[in-house]
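One is the number of the first residue; the rest follow in order along the sequence.
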Amino acid sequence: LVAEGRNINQHKKSEKKLERSEKRYQSIFENSGTGLLTFGKDGTIIMMNSEWEKLSGYSHEELEGKRKWMEFVHPDYLKMMMEYHQQREKDPESVPLQYETVFIIKSGKQLVTYITVTPIPESDQWLVSAIDITDLKNTQKKLEKSVVRFQALAEYSVDGIITTDAYGKILYFNNSLLNMFGYSKEELKNSQLTLIMPERYRENFMNSLRKFRLTGEHRLAGRIIETIGHKKDDTEFPFEMSLTKWEVDKKIYFTSIIRNISERKTAENDLKKSLKEKEILLKEIHHRVKNNLQIISSLLDLQEDYVKEDTEAVNVLKESQNRVL
């Protein structure tokens, strides 16, 4: 009787452990935050959690023991997934556990999902977890389109465009910038921005970057300035630059739009030279006219000596002299 009592107690303890284990498993299965389901060898859904119910739009009663999970896979992905599953049954290590696919849910909407399919140990069942990444993929597509548009605009821009990090390392440049400075892609890629600066500017530039990393302030950010560029052939040229500071994942980057203003500067210098010449000419003309007027005034003064007895004539000559002066 004692032995029998012990056996019963051990059996009850085992049952309680099993019950606790099942509850723990159910809790994890239900509260994982991810859509989970299990399916048997023929693909029929055995059990699913509430997250899968939300994801698919189907209730437990509609799916469990009644539908195969592959029925909801988009036709374009079905063949691939069937092949994966069949191959995994033969050789579990031969195909990926995780991949992207598309599910057609109850509403007819298509969801891009990231799924993991793994065999459940010591059983002929499989566990599927699914995460809806539709919004992420849409955002990614928009970002890719945005990047393509930016690259197209940048590559066809007549202005040079260059992006660096907060340490002055060159990360991106367009073809116009290469043509402007005479360097190849290989020569500029991952080089320092100081490469395209006259040597006399380099120390101040590096000091300004060090100051920016300490204070977060950059005196040129958001401004348009004129400065000097240094070409590969050691010649210099003037350019106009607008500098923009931007941030991604707490990392700072700088993008500059550079316009060669050599022709404009030449035209400005020619105009200044022309204006200078005209100023000199006007001064010369003014000087000569002034001299001529002084001569005329002297002649009128002399004429007064001949007609000094004729008051009316003297008055006319004085009035004429006043007008000249």
Can Glu279 and Lys276 be counted as an ion pair, charged N to O under 4.0 angstrom? no
Can a donor-acceptor pair be found, under 3.5 Å and without considering hydrogens, that links the side chain of Asn49 to the backbone of Thr34? yes
Determine yes or no for a side-chain-to-main-chain donor-acceptor pair under 3.5 angstrom, with Thr266 supplying the side chain and Ser262 the backbone. yes
Residues Ser50 and Lys54: side-chain donor-acceptor under 3.5 angstrom: no
Closer than 3.5 angstrom, by distance alone: can the side chain of Thr113 be matched with the main-chain N or O of Ile115 as a donor-acceptor pair? no
Do any N or O atoms from the side chain of His60 and from the backbone of Met48 form a donor-acceptor pair under 3.5 angstrom? yes
Just by distance, with hydrogens left out, do Ser59 and Glu62 show a side-chain donor and acceptor under 3.5 Å apart? yes
For a quick check under 3.5 Å, do Ser157 and Asp159 share a side-chain donor-acceptor pair by atom type? no
Return yes if some donor-acceptor pair links the side-chain N/O of Asp165 with the main-chain N/O of Tyr253 below 3.5 Å, else return no. no
Start with the C-alpha distance between Glu247 and Lys251, add both sets of side-chain angles, then the distance that settles salt bridge (charged side-chain N to carboxylate O under 4.0 Å, His left out), and finish with yes or no. CA-CA 5 Å; Glu247 184 176 343; Lys251 291 183 179 180; over 6 Å; no
So that I can tick it off, tell me whether Glu226 and Lys265 are bridged by a salt bridge, with the cut-off set at under 4.0 angstrom between side-chain N and carboxylate O. yes
Indicate, with yes or no, if the rings of Tyr99 and Tyr114 have centres closer together than 6.0 Å. no
Between Trp246 and Thr255, is there a side-chain donor-acceptor contact under 3.5 Å, judged purely by atom types and distance? yes
Side chains of Arg210 and Asn207 only: does a donor on one sit below 3.5 Å from an acceptor on the other? yes
Hey, does Ile45 have a side-chain heavy atom less than 4.5 Å from the side chain of Thr38? no
Ring center gap for Phe254 and Phe212 short of 6.0 angstrom: yes
Establish whether Met197 and Met206 are linked, either directly or via other cluster members, by ILVMFWY side-chain heavy-atom contacts under 4.5 Å. yes
I'd like to know whether CZ of Arg288 has more than 12 heavy-atom contacts from other residues, nucleotides or ligands below 6.0 angstrom. no
More than 12 non-hydrogen atoms from neighbouring residues, nucleotides or ligands closer than 6.0 Å to OH on Tyr167, yes or no? no
Hey, any chance Met80 and Met70 share a hydrophobic cluster, counting ILVMFWY side chains that come within less than 4.5 Å of each other, even indirectly? yes
Counting only heavy atoms not in Glu199, do more than 12 fall under 6.0 Å of its CD? no
Do side-chain atoms of Lys66 reach the backbone of Glu61 as a donor and acceptor pair under 3.5 angstrom? yes
Rounded to the nearest 0.5 Å, how far does CZ of Arg259 lie from CD1 of Ile161? 10.5 Å
State whether the side chain of Thr215 and the backbone N or O of Lys211 hold a donor-acceptor pair below 3.5 Å, judged by distance alone. yes
Derivation and outcome, ring pair (Phe, Tyr, Trp, His ring centres under 6.0 Å), residues Tyr77 and Phe103: CA-CA 9 Å; Tyr77 292 82; Phe103 286 128; 9.5 Å; no
Please assess Glu240 against Thr227 for the test side-chain contact (heavy atoms from CB on, under 4.5 Å), listing each intermediate value before the final yes or no. CA-CA 6 Å; Glu240 186 179 76; Thr227 186; over 6 Å; no
Checking Ser184 against Glu187: is there a side-chain donor and acceptor pair closer than 3.5 Å? yes
Side-chain ion pair, Lys41 and Asp124, N-O less than 4.0 Å: no
If you define the side chain from C-beta out and look only at heavy atoms, does anything of Glu100 sit under 4.5 Å from Lys137? yes
Check this for me: Glu277, atom CD, are more than 12 non-hydrogen atoms of other residues, nucleotides or ligands nearer than 6.0 Å? yes
Do Leu171 and Phe173 share a hydrophobic cluster (ILVMFWY, side-chain heavy atoms under 4.5 Å, transitive)? no
Counting only heavy atoms not in Arg202, do more than 12 fall under 6.0 Å of its CZ? yes
